Amino acid sequence: MRIAPYFFCAALLSGFLRIDGALAADAAFQAWVQSLWPQAQELGVSRATFDTATHGLAPDLSLPDLDIPGRPEKPSAGQAEFVQTPADYLKETAIEQLAAHGRKLFDQYRAPLAAIEQQFGVSPAVVLAIYGRETDYGRAADTHSAVRVLATQAYLGKRKEKFQGEFLLALKMLEDGYVRLPDMKSSWAGAMGLTQFLPSEFYKYAVDFDGDGRRDIWHSVPDALASAAKQLVDKGWQRDLRWAYEAHPPANVDCTTGVPENTRLIGDWLGGGFVPAYGRTLSAVERAETASLLQPAGLYGPSFLATKNYFVIKEYNFSDLYVLFVGHLSDRIVDPRPFETPWGNVAQLSTRDLNRMQEILTARGYYHDKIDGKAGMKTRAALGDYQKRNTLKVDCWPTAALLAHMEAGGRN
């Protein structure tokens with residue numbers, strides 16, 4: 001339910017009205033907040049909880065990706081997962097430091113981690129890696145008010161309906177006593193706790209694993225790790241299946257085949273010339289699993305045979321680099337070796353330029369997915385198809401020169 005058409009634009013631009021030297025919440029925003037009371041009441045939120053949580057609430061205009069009437073859209077800084085090169089995102093020093101601390105936590109929480117693996121089938125290293133990636137094992141404290149972030153995104157964000165539901169569920173979390181309002185901190189995206197759950201994810205996946213009668217993803221490491229495991233399982237995690245295998249491709253590898261839909265038995269990939277890194281020998285069970293080819297930097301870096309569990313982790317955060325970070329960190333917690341193939345020296349195009357590439361590829365029939373300014377598997381494969389059609393070097397990597405070629409016309 002929205003107040004149309006976001007009136008009082010001037011107030012929205014400032015976010016606040018200054019009255020007698022004090023900051024008062026934008027009247028239009030407050031009117032919208034109050035309009036949500038009936039829906040909050042349906043969820044079981046009391047008037048007292050609603051009023052306490054929303055008293056003096058004002059939008060946080062410092063958040064990225066807001067759609068503010070009257071304000072020219074600024075290029076988004078974006079999440080690191082989508083604006084950094086693989087080499088920048090997966091820095092060896094950061095991975096090693098996190099792996100070293102993860103090994104200590106593995107020993108510290110050995111009993112609950114073993115119980116989590118027994119119940120959910122998710123290895124201790126994987127849930128520890130998520131913990132490490134999301135909040136640096138709890139050492140990176142959230143600083144935003146979750147209620148304010150979610151309300152702002154619901155009012156001025158680009159996914160208003162989604163965040164309106166999250167805002168209402170945040171109020172329900174307060175009503176149900178899972179967290180106190182002063183302690184309800186989140187990231188700039190509204191995710192909370194040691195393993196970063198939105199309110200809807202909390203209600204779906206959070207579990208009480210330490211037996212104290214509370215689902216506490218903020219302070220209880222066993223609860224947070226078990227909740228992460230439950231989310232993976234509910235999204236399709238398969239027990240005893242690796243997330244991916246680094247493999248050296250044959251010289252004639254076709255990078256355009258690196259899309260999720262193109263699955264083959266791992267044994268067939270190996271039969272086609274792929275060689276597991278570090279001379280790893282795969283069992284008959286492993287060779288019988290299906291996998292997709294993943295080349296995060298096109299031909300300029302490591303290649304992977306990504307299993308079904310790779311795409312389950314991607315449901316946690318829809319980024320190839322995020323999955324690579326979590327997957328590789330989970331490996332490094334138990335095996336100190338880095339990727340055998342180093343990352344090449346490639347540059348990352350801006351989100352705006354990647355958007356433009358996707359628009360051109362879509363118009364010419366190469367690309368059939370959403371235009372989001374992210375160089376994911378399907379975008380890279382479409383670029384490779386374009387390179388093939390135009391007799392260019394096929395490396396499946398977006399560059400400024402390739403964009404210039406596309407804008408100059410190219411062939412189809």
Side-chain angles (χ1 to χ4, degrees), residues 79-82 84-103 105-106 113 116-117 120-137 195-196 225 228-229 231-233 235-249 258-260 263 266 269 274 276-278 280 282 286 289-297 301-343 374-377 380:
Q79 289 180 245
E81 289 86 357
F82 302 116
Q84 292 183 354
T85 64
D88 287 337
Y89 186 76
L90 290 104
K91 285 189 180 298
E92 174 58 25
T93 53
I95 293 285
E96 177 48 39
Q97 288 172 2
L98 286 170
H101 193 66
R103 287 189 281 273
L105 293 177
F106 199 125
L113 284 168
I116 289 170
E117 183 173 27
F120 297 105
V122 182
S123 75
V126 169
V127 291
L128 283 172
I130 289 174
Y131 183 22
R133 174 61 262 180
E134 292 291 355
T135 61
D136 190 19
Y137 302 116
T195 47
Q196 294 289 279
L225 297 184
Q231 179 168 177
L232 292 175
V233 169
K235 292 180 181 297
W237 183 268
Q238 296 189 12
R239 186 184 292 264
D240 298 327
L241 178 64
R242 281 182 56 84
W243 66 279
Y245 297 87
E246 184 188 354
H248 303 298
V259 291
T263 61
I266 290 177
W269 286 111
F274 284 80
Y278 290 111
R280 179 182 287 115
L282 273 59
E286 290 175 303
E289 294 289 350
T290 59
S292 301
L293 173 62
L294 171 70
Q295 296 181 302
S303 298
F304 304 88
L305 300 178
T307 71
K308 295 174 184 175
N309 279 353
Y310 175 94
F311 297 98
V312 173
I313 299 176
K314 197 167 181 177
E315 291 289 318
Y316 210 103
N317 182 309
F318 196 75
S319 160
D320 289 324
L321 293 187
Y322 177 89
V323 184
L324 277 170
F325 194 109
V326 166
H328 186 48
L329 177 55
S330 72
D331 288 346
R332 294 289 289 276
I333 288 173
V334 296
D335 182 344
R337 293 178 295 183
F339 294 132
E340 191 168 46
T341 298
W343 296 106
K374 300 165 186 174
M377 294 174 76
R380 295 194 300 270

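Model, not experiment: these values are computed from the prediction.
- Residue Ile266 comes nearest to Ala291 through the heavy atom pair CG1-CB, 3.7 Å, listed as atom of the first residue, atom of the second, then distance.
- Within a 6.0 Å sphere centred on NZ of Lys235, heavy atoms belonging to other residues, nucleotides or ligands number more than 12.
- Of the inter-residue distances, the one linking Ile313 atom CD1 with Ile130 atom CD1 reads 6.0 Å to the nearest 0.5 angstrom.
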Please walk me through it: do Leu294 and Arg380 pass side chain to side chain contact (heavy atoms under 4.5 Å, CB included)? CA-CA 10 Å; Leu294 171 70; Arg380 295 194 300 270; 3.6 Å; yes
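- In this structure a side-chain-to-backbone donor-acceptor pair under 3.5 Å is present from Trp237 to Gly121.
- There is no side-chain donor-acceptor pair under 3.5 Å between His248 and Ser303.
- For the pair Phe106 and Pro124, the minimum side-chain heavy-atom distance is below 4.5 Å.
- With rounding to the nearest 0.5 angstrom, the OG1 atom of Thr263 is 12.0 Å from the CG atom of Leu293.
- With a 6.0 Å cutoff to the six-membered ring centre and a 45° limit on the axis angle, Lys314 counts as a cation-pi contact of Phe318.
- In this structure a side-chain-to-backbone donor-acceptor pair under 3.5 Å is missing from Arg133 to Thr195.
- Minimum heavy-atom separation, Leu90 to Leu321: CD1-CD2, 4.0 Å.
- A distance of 5.5 Å separates OG1 of Thr93 from CD of Gln97, quoted to the nearest 0.5 Å.
- Judged purely by distance below 3.5 Å, without hydrogens or angles, the side chains of Asp320 and Tyr310 pair a donor atom with an acceptor atom.
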For Thr290 and Lys308, run side chain to side chain contact (heavy atoms under 4.5 Å, CB included): C-alpha distance rounded to whole Å, both residues' side-chain angles, the deciding distance at 0.1 Å, then the answer. CA-CA 7 Å; Thr290 59; Lys308 295 174 184 175; 3.5 Å; yes
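- Ring geometry, Tyr137 versus His101: the interplanar angle falls from 30° to 60°, so the pair is classed tilted.
- If you check the side chains of Glu246 and Tyr278, you find no donor sitting under 3.5 Å from an acceptor.
- Taking the side chain as every heavy atom from C-beta outward, Phe339 and Phe304 approach each other to under 4.5 Å.
- The closest side-chain heavy-atom distance from Leu324 to Tyr89 is not below 4.5 Å.
- You'll find the side chain of Tyr245 reaches within 4.5 Å of the side chain of Thr307, heavy atoms only.
- Leu232 is not listed as a side-chain neighbour of Phe120, based on a closest heavy-atom distance of 4.5 Å or more.
- For the atom pair CD (Gln295) and OG1 (Thr341), the distance works out to 10.5 Å, reported to the nearest 0.5 Å.
- Side-chain atoms of Trp243 come within 3.5 Å of backbone atoms of Gly327 as a donor-acceptor pair (strictly under, hydrogens ignored).
- Across Pro302 and Pro296, no two heavy atoms sit closer than the pair O-CD, 3.5 Å.
- Applying the salt bridge (charged side-chain N to carboxylate O under 4.0 Å, His left out) rule to pairs touching residues 329-340 yields Glu92-Arg332, Glu96-Arg332, Arg242-Asp331, Asp335-Arg337, sequence neighbours excluded.
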Intermediate values then yes/no, side-chain hydrogen bond (donor to acceptor under 3.5 Å, both in side chains), Tyr316 and Gln196: CA-CA 10 Å; Tyr316 210 103; Gln196 294 289 279; over 6 Å; no
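- At a threshold of 4.5 Å between non-hydrogen side-chain atoms, the residues Tyr131 and Asp136 do not count as touching.
- Of all heavy-atom pairs between Ala129 and Ile333, the closest is N-CD1, 4.3 Å.
- Atom CG of Asn309 and atom CG of Leu241 lie 4.0 Å apart (nearest 0.5 Å).
- Across all non-hydrogen atoms, the minimal contact from Trp343 to Ala87 is CB-CB, 3.7 Å.
- No donor-acceptor pair under 3.5 Å is formed between the side chain of Asn317 and the backbone N or O of Tyr322.
- With sequence neighbours left out, Arg280 forms a salt bridge (Lys or Arg N to Asp or Glu O under 4.0 Å) with no residue at all.
- Between the side chain of Ser292 and the backbone N or O of Pro260, at least one donor-acceptor pair lies under 3.5 Å.
- The side-chain heavy atoms of Ser319 and Phe325, taken from C-beta on, include no pair separated by under 4.5 Å.
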Would Leu128 and Leu225 count as a side chain to side chain contact (heavy atoms under 4.5 Å, CB included) if you check the C-alpha gap in whole Å, the side-chain angles of each, and the deciding distance to 0.1 Å? CA-CA 7 Å; Leu128 283 172; Leu225 297 184; 4.0 Å; yes
